[in-house]
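What follows is one structure encoded as structure tokens, with my remarks underneath.
For ligands, and for the atoms within them, numbers begin at 1 and follow the listed sequence.
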Amino acid sequence: MKILGIETSCDETAAAVVEDGTKILSNVVVSQIDIFAEYGGVIPEVAARSHLEAILPVINKALSDADCTWDDIDAIAVTHAPGLLGSLLIGTLTARTLAILHDKPLYAVHHLKSHVYANWLSGDKPIFPILALVVSGGHTQILYMPEHNEFEIVGTTHDDAVGECFDKVAKILGLPYPGGPAIAKAALNGDAHKYKLPHPKVAGLDFSFSGLKTAVLRAVQKELGLPISHPSYDLRNHLTEQQVADFAASFQKTAVDILCEKLTAALEQYPDTQSVVIAGGVSASAALREALPEAYFPALALSGDNGAMVAAAAYYEIISGVEPTDPYTLNIYPRISIEK
Ligand code: KG4
Ligand code: ZN
């Protein structure tokens, strides 16, 4: 079964053709990172406009790279939640129109589910029951997966997502958006033990990352001998390259340690777990990969947003008995939970 997966939930316009949920026939990703690098974050209206321009060429390239015509495609899958409203709208409206035009069944996929299923697109397949750590720009959750397409949220962040925290700390340090790769690069030359940063006290398997961001801000102000009223956007002008590297390394280590601590606690709570799966943009982190050698990680190219993972997730929905959605009425849900 060949599924065309379409993803536009944030700032990547992506489409891919995947066979039987595991074999990637094509995977086209057009990133808007260059547009947003200098702004320090995504501007929703600009993102939606960029998706509008890119979506049809990206889909056509995904079909031609896969050597497919519309006749070869068995179903269309699209991210309908969660994400930026305008971005989600472009992808879903395009998918709805194409499904009607080419008479294909349409599947609406939750973005976090897609990230998890990126782990079925390369290497060995994880074994159930699974604990999935989803770490992206918008979410930080631990999910218990007894079977395909069954998700229970067992831990979640009370405030910022870990990726968001990387992005905000990068901004404080004067590093570009997205913060994750920029911090990873700067950290290579830094001392991860130079600055002691606190671990948040959050009960159970939940997370909190807004305090860590503030702790970095305060540590930078203290290091520079500046008052806490000193504006954060100006601090980068006072930091040396070595200080940036040391803060990046210390922060990265703390963030990774926090994630690993909660994962360890989750494994104690769910002792029948057979595989640990890491998913979402932060799964690209080399530091996280090093800290969790036993866990499943997506191929690096599939860590960030892409259409292949959407097609994979839809395939496992289909074999789990999920019915296609109505292309005339499919809605978007910018904030809906994976459990709904
Ligand atoms: O999954 P994703 O591409 O988009 C969302 O669904 O949010 O995740 C993007 C997030 C950003 O916050 C980015 O800074 C982070 O993933 N990220 C990383 C790395 N690469 C991307 N965080 C830490 N280390 C990385 N190497
Ligand atoms: Zn994502």
Side-chain angles (χ1 to χ4, degrees), residues 5-14 16 27 29-33 36-37 39-42 44 47 51 78-84 87-88 91 109-119 132-141 157 160-173 175-188 190 192 209-210 212-213 248-249 251-260 277-292 297-310 312-313 334-336 338:
I6 299 171
E7 155 62 40
T8 64
S9 68
C10 188
D11 58 348
E12 263 93 25
T13 315
N27 188 31
V29 181
V30 171
S31 175
Q32 303 169 13
I33 278 173
F36 299 122
Y39 295 106
V42 177
H51 284 308
V78 66
T79 313
H80 77 310
L84 300 172
S87 293
L88 288 168
V109 180
H110 191 281
H111 187 58
L112 300 192
K113 197 186 277 192
S114 304
H115 271 304
V116 170
Y117 274 102
N119 283 282
L133 173 68
V134 180
V135 279
S136 73
H139 295 83
T140 305
Q141 294 190 330
T157 181
D160 292 353
V162 62
E164 182 180 2
C165 189
F166 269 89
D167 296 338
K168 286 177 173 171
V169 168
K171 217 168 176 178
I172 293 167
L173 300 178
L175 298 168
Y177 172 88
I183 283 183
K185 193 164 163 225
L188 291 174
F209 281 99
S210 73
L212 179 56
K213 165 207 67 194
F251 159 71
Q252 179 176 258
K253 181 179 171 5
T254 308
V256 167
D257 285 350
I258 293 168
L259 294 174
C260 292
V277 159
I278 316 297
V282 182
S283 73
S285 165
L288 187 61
R289 285 170 185 250
E290 218 169 274
L292 297 168
F297 281 82
L300 260 191
L302 301 171
S303 281
D305 294 345
N306 64 82
M309 66 187 193
V310 181
R335 302 190 68 85
I336 204 167
I338 194 170

| query | In terms of atom number and element, which parts of ligand 1 are under 4.0 angstrom from non-hydrogen atoms of G281? | reply | 1 (O), 2 (P), 3 (O), 8 (O), 16 (O), 17 (N), 18 (C), 19 (C), 20 (N), 21 (C)
| task | List every atom of ligand 1 that sits less than 4.0 Å from any heavy atom of A284, numbering the atoms from 1 in the order shown and giving each element. | result | 20 (N), 26 (N)
| said: Yes or no: does C10 have any heavy atom under 4.0 Å from an atom of ligand 1? | reply: no
| note | What one should report as the nearest heavy-atom pair of L288 and V282 is CD2-O, 3.9 Å
| remark: Atoms of ligand 1 under 4.0 Å from any heavy atom of D167, numbered from 1 in the order shown, are 11 (C), 12 (O), 13 (C), 14 (O)
| said: Within the 4.0 Å heavy-atom shell around G138, which atoms of ligand 1 are there? | reply: 7 (O)
| Are V109 and E7 close enough that some pair of their side-chain heavy atoms sits under 4.5 Å apart? | no
| salt bridge (Lys or Arg N to Asp or Glu O under 4.0 Å) partners of K213, counting only residues at least two apart | D160
| remark: Within the 4.0 Å heavy-atom cut-off, what Q252 brings close to ligand 1 is neither
| query | If you take all heavy atoms of G281 and H115, which pair is closest and at what distance? | reply | N-CE1, 4.1 Å
| Does the side chain of T79 come within less than 4.5 Å of T8's, by heavy atoms? | no
| request: Could I get the full list of side-chain contact (heavy atoms from CB on, under 4.5 Å) partners for K171, not counting sequence neighbours? | output: R236
| task | Please identify which atoms of ligand 1 are closer than 4.0 Å to at least one heavy atom of V282. | result | 15 (C), 16 (O), 18 (C), 22 (N), 23 (C)
| note | Within the 4.0 Å heavy-atom cut-off, what H111 brings close to ligand 1 is side chain
| message | For D167 versus G179, what's the shortest heavy-atom pair and its separation? | response | OD1-N, 2.7 Å
| query | Does any N/O atom on G163 come nearer than 3.5 Å to any N/O atom on ligand 1? | reply | yes
| Min side-chain heavy-atom separation M309-L302 under 4.5 Å | no
| task | Note the single closest protein heavy atom to atom 24 (N) of ligand 1, along with its residue, its atom name and the distance in Å. | result | S285 CB, 3.4 Å
| remark: Of all protein heavy atoms, the one nearest atom 22 (N) of ligand 1 is G180 CA, 3.3 Å
| said: Could you go through S87 and Q32, starting from their C-alpha distance and side-chain angles, then the distance that decides it, and tell me whether this counts as side-chain contact (heavy atoms from CB on, under 4.5 Å)? | reply: CA-CA 12 Å; S87 293; Q32 303 169 13; over 6 Å; no
| field | Enumerated ligand 1 atoms positioned under 4.0 Å from heavy atoms of P178 | value | 13 (C), 14 (O)
| query | Which heavy-atom pair separates V256 from S285 by the least distance, and what is that distance? | reply | CG2-OG, 4.4 Å
| said: Minimum heavy-atom separation for A308 and A16, please, with both atom names. | reply: N-CB, 3.2 Å
| Contacting atoms of ligand 1, where contact means under 4.0 angstrom from a heavy atom of G137 | 5 (C), 7 (O), 8 (O), 9 (C), 10 (C), 12 (O)
| said: Tell me every residue that passes side-chain contact (heavy atoms from CB on, under 4.5 Å) with T140, counting only those two or more places apart in sequence or in another chain. | reply: V135, T157, A161, V162, F207, F209, L259
| request: Could you grab the protein N, O or S atoms closer than 2.8 Å to the Zn ion (ligand 2) for me? | output: H111 NE2, H115 NE2, D305 OD1
| Nearest heavy-atom pair of A248 and L173: which atoms, and what distance? | N-CD1, 3.9 Å
| Which segment of D305 sits under 4.0 Å of ligand 1 when only heavy atoms are counted | both
